Amino acid sequence: MHRWSELFIPTLREAPADAEVASHKLLVRAGYIRQLGAGIYSFLFLGNRSTQKIMRIVREEMDKIGQEFYLPALNPREIWEASGRWTVMGDNMFRLKDRKGADLCLGMTHEEVMTDIARKELRSYKQLPQIWYQIQTKFRDEPRPKSGLLRVRQFIMKDAYSFDIDAAGLDLSYQKHHDTYCRIFDRCGLKYMVIDAHSGAMGGSQSQEFMVRTPAGEDLVVSCEKCNYAANMEKAVSKLAPVEDLKTEGDGQPLEVHTPGQKTIEDVARFLGVSPKNKIKTLAMMITEEEDANTGAKSGKTRQRAVVLLMRGDHQMNEAKLSTAVGGKETRPMQEEEILALFRSPAGYLGPLGIEWAKDLKDAGKPILLVDKALEGRTNLIGGANKEDYHVKHLTPGKTFHPTAYADLRAVTAGEDCPNCGAPLRIDTAVEIGHIFKLGYKYSESMNARVLDRNGKEVAPIMGSYGIGIERILTAAVEQSNDENGFWLPPSIAPFEVVVVSTNSKDEGIRTASEDITRQLEAAGFDVLLDDRDERPGVKFKDADLVGIPFRVNVGKKVTEGTVEVVRRSTLAREDIKISAITEYFQQLRPAAR
RNA sequence: CGGGACGUAGCGCAGCCUGGUAGCGCACUUGCUUGGGGUGCAAGGGGUCGCGAGUUCAAAUCUCGCCGUCCCGACCA
């Protein structure tokens, strides 16, 4: 029997001053966690019980599709060199040396170790498909740990990896994970969304994130009010209302207009009496690329290359989309001298005319002109003339200037139309609790994993990787259900399902009834916490409301009538229940999924 | 890494400007009291004032350096 009087459950009246988000404040106040350093947390009794329950659910579901491994967190440098990520991971990877001076690191993720096993062991297509998973501690030296458990430097992740002989097999493994993740998060009682995610620079073909809406979230999610369209901001698209182009004046040739001192889109639009929608916004960026990227040689030399973006005047650029458009390279804004060197004009009057742009992305050396898709087909736009105090009319993409490429560079804004059904889109912040990813051949190729296919030909297996943040499930659940007095977890992941409050531990009748009820419920398989402390009822009620247990049984004066009070933490609704019927009462509440 | 704030008892804070033997609330210990929403009274225990230098007869307080934590930004497989 779990007696509160004998347990260590250090609840606090006040949250630590440096806690900002609700889950952080409440998990500390409820005695689940304590901070050890920036982004490093200890889990105490209640916190550990909750994460253990989460891991049990994850295991039960993952065991239906895969096999559990346990890989080392301590990794030698060599396998990370093999995949090329020893350098790529940069400062985000914790690195150390052993006594001989050999380089080691702490694993941030385990594609390398899993692929190492695959390349040493897998020989034939007959051994495929394989799904291997583990529940393991990950280490990431985050530039900025924050928000309690939401962004930390050490955390537990369930990570899984699939190996298939072909793309069709990967589709199947991917779908299995999708379905399994839905079951896991359903069982954990979370309200989540599955959204299309940015595949990033890794060349993956498909990727989805499992997100929980919360103001504490760091990701932006675009979703439809009506249909099930949902995507990460980095990938989301929307339907735009049609825009009326300006009428052609005279012969329609580019026409310079004097716009003294008018630099911003708004100023120029107002000055010329047009809408910003008829204006071109010119953004000047730079990328770093390898000098011989196209020749295949690897000198390691890099050079800077200009990338100029044209957007509709009232649109905002999304950096993740830009990064995708330039092949996953990092971009940075041009500096003043660089702008003058390319445009021969100060910022505020930039435009596409008079510069020889690259014909396509492979056209090395020349500056790249990327035009947002929202400008494709538009005519008679107004942009900068590359001349101080002048803008130019009659700009028509493909006619008066030639883009290197059209690309989707635009950030969706709330209220725009859903690409599927046309209903308004909303934008929310959310926390990522899971991510499934079709990796393709990146690791099997770079690390040289090979199997023989049906025809005796050596081929690389195709891979997928799939992650769940264990602590983030707890954090998201707290974010999802809390008030100023505390939080309530779904019964499946709460440290206890029921707290039995003995309202007066000095009263013999109340005390024995509390113990009897606790024993009864435990015999029926419930996790029960008995609050038998010699405290006033008010103290116990406050603590019970705080610590995340979804149901409470108040054992009070009515025991003489054979009755106790059951309180649901979520609604604070209370009802009197006969002690003789208490087990049955909770059994009826218990979800079948359990 | 850039900008900002903070560091005094387990938690929340005052004291610092104007240097002079460290204080409040909660929590904790003991006794009494109370017993359905953090009871009340009384008596106690607990702090190298983040660390190190410097100024001074004297530093929590002034100066310099370092460390740590949080927030905004950059970053984020």
Side-chain angles (χ1 to χ4, degrees), chain A residues 8 10-21 24-25 28-31 34-41 80 83-93 105-112 138-148 150-153 155 157 159 161 197-204 207 209 216 218-219 232 234 319-320 323 328 330-333 432 435 437 439 442-443 465-467 469 484-486 501-507 510-511 531 533-546 552-559 564-565 567 572 574 576:
Chain A
F8 183 63
T11 58
L12 299 175
R13 268 191 210 228
E14 284 173 292
D18 50 21
E20 286 271 315
V21 303
H24 186 198
K25 288 182 188 167
V28 172
R29 282 190 57 206
R34 288 292 185 262
Q35 182 171 18
L36 183 61
I40 312 175
Y41 287 85
W80 290 83
S83 72
R85 292 209 285 185
W86 180 261
T87 312
V88 172
M89 291 305 194
D91 288 340
N92 264 24
M93 187 147 77
C105 67
L106 299 177
M108 309 171 60
T109 173
H110 280 79
E111 280 83 4
E112 279 77 3
K138 307 292 188 209
F139 298 88
R140 296 180 188 184
D141 194 358
E142 291 287 346
R144 192 175 152 209
K146 58 183 285 205
S147 307
L150 282 179
R151 181 162 291 276
V152 290
R153 297 195 291 175
F155 60 97
M157 185 187 237
D159 49 323
Y161 305 85
H198 181 60
S199 307
M202 291 316 203
S207 156
E209 291 167 323
E218 301 186 274
D219 285 285
N232 195 301
E234 297 175 341
E319 278 180 50
S323 168
E330 272 186 32
T331 59
R332 62 166 175 86
E432 178 187 347
H435 198 163
F437 207 104
L439 282 178
K442 178 179 164 60
Y443 297 93
S465 90
Y466 318 88
E484 64 280 13
N485 293 318
V501 176
S502 165
T503 57
N504 185 347
S505 297
K506 290 218 168 76
D507 182 307
I510 289 176
R511 204 184 65 227
D531 191 353
R533 293 175 298 170
D534 183 16
E535 287 287 352
R536 301 196 23 116
V539 174
K540 296 183 172 189
F541 294 158
K542 286 285 183 196
D543 272 345
D545 284 348
L546 175 61
R552 183 167 104 214
V553 176
N554 289 336
V555 183
K557 292 197 186 79
K558 287 186 214 152
V559 286
V564 292
E565 188 178 59
V567 184
L572 295 177
R574 46 189 70 198
D576 285 350

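Fair warning: this is a prediction, and the values are worked out from it, not measured in the lab. Letters A, B, ... are given to chains in the order of the sequence lines, protein chains preceding strands, and every chain is numbered from 1.
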As a test of reading the structure: which of [options] is closest to the side chain of [X], going by heavy atoms?
| X | options | value |
| --- | --- | --- |
| A:D18 | B:C11, B:G35, B:C70 | B:C70 |
| A:K557 | B:G36, B:C11, B:A74 | B:G36 |
| A:E319 | B:C11, B:C75, B:U69 | B:C75 |
| A:R151 | B:C70, B:C76, B:C13 | B:C76 |
| A:A17 | B:U69, B:C13, B:G37 | B:C13 |
| A:K506 | B:G37, B:U69, B:U34 | B:U34 |
| A:R536 | B:U34, B:G36, B:C70 | B:U34 |
| A:N92 | B:C76, B:U34, B:G36 | B:C76 |
| A:N554 | B:G25, B:G36, B:G38 | B:G36 |

If the [atom1] atom of [N] is compared with that of [M], how far apart are they to the nearest Å?
| N | M | atom1 | result |
| --- | --- | --- | --- |
| B:C16 | B:U21 | P | 14 Å |
| B:U18 | B:A58 | C1' | 16 Å |
| B:C26 | B:G40 | P | 8 Å |
| B:G31 | B:G45 | C1' | 15 Å |
| B:G25 | B:G36 | C1' | 26 Å |
| B:G23 | B:G38 | C1' | 24 Å |
| B:A9 | B:G15 | C1' | 15 Å |
| B:G73 | B:C13 | P | 23 Å |

| Is any side-chain N or O of A:K540 closer than 4.0 Å to OP1 or OP2 of B:G37? |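 The answer is no; no side-chain N or O of A:K540 sits under 4.0 Å from OP1 or OP2.
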| OP1 or OP2 of B:G38 less than 4.0 angstrom from a side-chain nitrogen or oxygen of A:R13, does that happen here? |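 Result: no.
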| Nearest-Å distance for atom pair CZ/P, residues A:F541 and B:G36 |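 Atom-to-atom, A:F541 to B:G36, this comes out as 8 Å.
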| said: Using whole Å, what does the distance between atom C1' of nucleotide B:A74 and atom NZ of A:K146 come to? | reply: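 Computing the A:K146:NZ to B:A74:C1' distance gives 12 Å.
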Any N/O donor-acceptor pair, [X] side-chain to [N] base, under 3.5 Å:
| X | N | value |
| --- | --- | --- |
| A:R552 | B:G36 | no |
| A:D545 | B:G37 | yes |
| A:N485 | B:G38 | no |
| A:E565 | B:G36 | yes |

Heavy atoms under 4.0 Å, any strand shown: does [X] hit a base, just sugar-phosphate, or nothing?
| X | result |
| --- | --- |
| A:G37 | sugar-phosphate |
| A:M108 | nothing |
| A:R332 | nothing |
| A:E111 | nothing |

| query | Which sits closer to the 5' end of RNA chain B, A:R29 or A:A38, going by the nucleotide each is nearest to? | reply |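 Looking at the nearest nucleotide for each, A:R29 comes out on the 5' side.
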| field | First of A:L546 and A:F155 reached from the 5' end of RNA chain B, by closest nucleotide | value |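 With A:L546 and A:F155 compared, the 5'-side residue is A:L546.
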| said: Any salt bridge linking A:E111 with A:K442? Criterion: basic side-chain nitrogen under 4.0 Å from a carboxylate oxygen. | reply: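 No, A:E111 and A:K442 are not salt-bridged.
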